[in-house]
4 protein chains.
Amino acid sequence: MDVGFLGLGRMGRPMALALARAGHRVRVWNRSAEAAEALRAEGVEPVASAAEAFRGDAAVTMLADDAALRSVIVEGGILDQPERPGLHLGMSTISVALARDLAALHERAGVPYVSAPVFGRPDVAAAGNLNIVAAGPEAAIARAQPLLDAMGARTWPFGPDPARANAVKLAGNFMIVAAVEAMGEAAAFGEAHGVDAAALLELLTGTIFAAPVYKNYGGAIAAGRYEPPGFGLALGAKDIRLVLAAGEAAQVAMPLASVLRDGLIEAAAQGHGEKDLAALALVSARRRGRG
Amino acid sequence: MDVGFLGLGRMGRPMALALARAGHRVRVWNRSAEAAEALRAEGVEPVASAAEAFRGDAAVTMLADDAALRSVIVEGGILDQPERPGLHLGMSTISVALARDLAALHERAGVPYVSAPVFGRPDVAAAGNLNIVAAGPEAAIARAQPLLDAMGARTWPFGPDPARANAVKLAGNFMIVAAVEAMGEAAAFGEAHGVDAAALLELLTGTIFAAPVYKNYGGAIAAGRYEPPGFGLALGAKDIRLVLAAGEAAQVAMPLASVLRDGLIEAAAQGHGEKDLAALALVSARRRGRG
Amino acid sequence: MDVGFLGLGRMGRPMALALARAGHRVRVWNRSAEAAEALRAEGVEPVASAAEAFRGDAAVTMLADDAALRSVIVEGGILDQPERPGLHLGMSTISVALARDLAALHERAGVPYVSAPVFGRPDVAAAGNLNIVAAGPEAAIARAQPLLDAMGARTWPFGPDPARANAVKLAGNFMIVAAVEAMGEAAAFGEAHGVDAAALLELLTGTIFAAPVYKNYGGAIAAGRYEPPGFGLALGAKDIRLVLAAGEAAQVAMPLASVLRDGLIEAAAQGHGEKDLAALALVSARRRGRG
Amino acid sequence: MDVGFLGLGRMGRPMALALARAGHRVRVWNRSAEAAEALRAEGVEPVASAAEAFRGDAAVTMLADDAALRSVIVEGGILDQPERPGLHLGMSTISVALARDLAALHERAGVPYVSAPVFGRPDVAAAGNLNIVAAGPEAAIARAQPLLDAMGARTWPFGPDPARANAVKLAGNFMIVAAVEAMGEAAAFGEAHGVDAAALLELLTGTIFAAPVYKNYGGAIAAGRYEPPGFGLALGAKDIRLVLAAGEAAQVAMPLASVLRDGLIEAAAQGHGEKDLAALALVSARRRGRG
């Protein structure tokens, strides 16, 4: 397929390359052009503008956040240009509200819109092993399947309403941050009782909590390794903000999410915003007078 | 070895049988004698009193809670009887405070005391695959190793202070309840956005959260299957109470544990105390006006 | 003075009339014109557009929320019209962020801007007894003083930065909702122990908590009187949202405010959004299985 | 009346003297005898043992906590001595559970028991102006009335079940700590926006929150005056613990109380346990990286 790919950040880059590797023609665009140029040797074609990327059989967006997506897709008028893509695969982690707006705008413009946020970190993306949550018109998802298969190990369908995929993605990220907070409190609790936190986390994340999220963040907490960030604490805070906003709009009280919000704010106030999400554990340590 | 086993509840029974299966002589005692008699055919010897069980090479206790252990071990004066066990393997989930008291009492009585609470449910105990957290005098743990090996897949040592093993066990149970609350809020969040909660939980517990705790409780929540209880909600509430009490004594603020406490109280007030811990998810549903 | 007054809601109306009563010429505008016409008999002059009201010695805005103020002042281009007021007294309860934007926009337009939100309910406004929090250029506040004196019992100055007055107002409203939640939980706690909640609240709000906020909301909770709303629950929820947003932007963790947020969402989900803020107490009652 | 008074702490002393001033014969006992001797010059009679004080027309207890009351009244066997008081006025702040135990024990012993905890600080007690919450047998309260009138400005009756008075007292102390936390968060919020916290608290505690609790603690927070303690932070923590325990037993979820608990633990961990309850505000400040 002929695919335009917009957004070559830490996730977008390996995803675009996975598409190229699978034999698709991939035209790439990025706000700062160097990121696109740097990929030329790897079999993708840099294009000069978002508009040039947003056409062909499909356009894929993997932009940083709501603001970036609004700026490129909504405010740029890109949906009104004469040449438009056969479908738009929106893979960014964005708000439920923006996903709804996008669904309506695309419907008006006649461009099929599929929300397809992903679970997995850059190395998983590089291996083409992401888990992809997809929601949107059935026919559009079917047409996008070769692309989804190139980027992901599995596609998880969630029906025709694109915003649902974003709700699922946010719910998952909420659960990730919850797991980190739980490990942070457990580690502080253990240490206050003379227990070696690394040993405690090794036990738990090696047995009843032997899942990628726990192993990853538990290992970082055990090692006190908060830099460089894999998934940044400030990004986690942004996602919890999106969860709480969507929850409030849908009248869902989420007291655990509120605790996460407070902890993330405290972490940022204490200078950990640029570190890995695992640094949330530093808040629990400091509450008991450590650190 | 010649082992006395006290407490034949849902966990104690398969653990005692695992010891017998491994070739140990196992004398069993239970508050209600029928539970002991019922096991006679399976190769263990019922004895008439706790005192008769509390002797031999080792005594193992797997009693319900602090009150049961205090009643049998502390108040009964069993530690002062002439014949005493070579070591006491305390495997119940009890408070850090009681573990400290027991350590001191045993030291005075000259009976080596090893705290060895376990992770795993009855079916895991039946297979002899528990994860056992052990803390106490090194020599005593070494002597107990054949027993630990018969009951568990692995022993995780946490040093000479018995109370540390209990702190680890409580930290683990805290993380379990936290995971259930996170799934409950995520499910309510998803449903409020039109997402099928079962599909959401299947995705998450099959990928980045693919660990026993998530699969077990996530499956129950997805199926709305809250009875019969595997791990009862009231027991979870008790454990969170122990976590918070130990945390307060050690000056560890645990806001996530507090949220769990509030949710568990609410669940009990709404009649779910006798259901499985997974029923905590019903509170999130009811908060948004469902159920 | 010649004053334009924009916004004749439950608070704006008595405030405009207080100005007229003090001898000022008051031109009034309201989105729905009937509200303005209805006041003609009381000595104020309805004008046809916001632009006609936004001129003279001073313009006072008392609009519903951020959206209303943005629509009338920012998006309408009213600050760029040739005839502009000698100063703008912004008395609405709005976000800190919008207050900052307004301060910048007015500075650019050369119109002195004073933020002057108020404490007090409609009957207090009718008596000209509001407590007014004022922040802005010192000279502008001085010129506005006759207007502030007509509407309020006292003006509380908070320096030259308008947004500070809004932060103070939001902090106060946060404390109000906190007091209501505290009374709701105390009432539920009392009732669960067989205590008559009305008697409990009468005691406490008549002695160590003998302040207007407690008497007002405590009386409503004691009487189970949630309608008609004095200060609506949905408005309280909006204010807590503004508090949390400003707190997050300024990196202030506010766990008590988070609890309020969760309770207000739960109240709304259970159908109490249009009732008085006192209805927040119904959530505490329902949590224990009542109501 | 002939009154025995047990417990001459910061509250007990002025209360005993108020009784003497009103013309009653007051025999006083205190664990450390010097406190009793020191009052001899003020018209009360020190006695040598709790048993000697616990007789006469009435005995009043104003002991530190559950442990002290249990030790003196329950474990000492004082209720079984031949000479017993005409009634027992229990004025300490104790748990609901102990109040229930005491009611049962007194009923068995045939000594009328009235729970009568108080609101008011030492200076209020010295002026005989306490607010007294009284619950117990109607006839006993009637007989105690002259004593209650000597110590208090007003008696608030709560029926025949003594434990209800304790529930009311705990509810009130919960509301006090909640008010302190609210002011602490509001102050941190204000300061993060450049607002002078003292001015903010002066405004709010002088107007819509003009009640003794707010003026007292708000003044301390505004002045950063945390020592000497009026009402100690560790005592506040104890009371919140009693509130949460009683709430849990009665199946009342109290999320605001949980937030207070977490904050108080954090305050103690950071070394503020011996300061005034107002020092809870230091936690909010530290969370944003200050202090």
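What you see is a predicted model, and the numbers here were worked out from it, not measured in a lab. Quick note on labels: first sequence line is chain A, next is B, and so on, each numbered from 1.
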Candidate pair B:Leu204 and A:Met175, rule side-chain contact (heavy atoms from CB on, under 4.5 Å), full reasoning: CA-CA 9 Å; B:Leu204 290 166; A:Met175 282 174 55; 3.7 Å; yes

Flag side-chain contact, heavy atom, 4.5 Å: A:Val168 against B:Leu203: yes

Heavy-atom pair count under 4.5 Å with chain A, highest-scoring of B:Gln251, B:Glu202, B:Arg154: B:Glu202

Minimum heavy-atom distance between A:Ala211 and B:Ala210, given as atom pair plus value: CB-N, 3.5 Å

Per-residue contact mode, B:Leu200 against chain A (heavy atom under 4.5 angstrom): both

Worked verdict on A:Ile208 versus B:Ile176 for side-chain contact (heavy atoms from CB on, under 4.5 Å): CA-CA 9 Å; A:Ile208 56 175; B:Ile176 291 172; 3.8 Å; yes

Non-hydrogen atoms of B:Ala167 and A:Val195 that approach each other most closely: CB-CG2, 4.3 Å

Contacting moiety of B:Glu181, where chain A heavy atoms sit under 4.5 Å: both

Heavy-atom contact with chain A under 4.5 Å, split by part of B:Arg121: neither

Closest non-hydrogen atom pair between B:Phe209 and A:Ala179, with its separation: CE2-CB, 4.2 Å

Max heavy-atom pair count under 4.5 Å with chain A, selected residue of B:Gly247, B:Gly194, B:Ala178: B:Gly194

Which atoms of A:Ala187 approach chain B - backbone, side chain, both or neither, heavy atom under 4.5 Å: neither

Contacting region of B:Ala153 [heavy-atom separation from chain A under 4.5 Å]: neither

Spacing of CD belonging to A:Glu185 relative to CG belonging to B:Leu256, to within rounding of 0.5 Å: 4.5 Å

Trace of the side-chain contact (heavy atoms from CB on, under 4.5 Å) decision for B:Val96 with A:His193: CA-CA 9 Å; B:Val96 170; A:His193 287 95; 3.7 Å; yes

Contact winner vs chain A - B:Gly120, B:Ala250, B:Ala246, B:Ser258, heavy-atom pairs under 4.5 Å: B:Ala246

A:Gln145 atom CD, neighbour heavy-atom count above 12 within 6.0 Å: yes

Chain B interface, residue from A:Ala257, A:Pro255, A:Ala186 that has the most non-hydrogen pairs under 4.5 Å: A:Pro255

Toward chain A, the part of B:Phe189 with a non-hydrogen atom under 4.5 Å: both

Chain A contact via B:Ala163 - which portion, at a heavy-atom distance below 4.5 Å: neither

Best-contacting candidate, A:Thr205, A:Asp196, A:Val243, A:Val124, against chain B by heavy atom pairs under 4.5 angstrom: A:Val243

Part of B:Glu191 lying under 4.5 Å from any heavy atom of chain A: neither

Side-chain heavy-atom pair B:Ser284, A:Met254 within 4.5 angstrom cut-off: no

Heavy-atom pairs under 4.5 Å with chain B, option from A:Gly172, A:Gly190, A:Gly159 with the top count: A:Gly172

Selection from A:Gly206, A:Ala192, A:Ala199 maximising heavy-atom pairs under 4.5 Å formed with chain B: A:Ala199

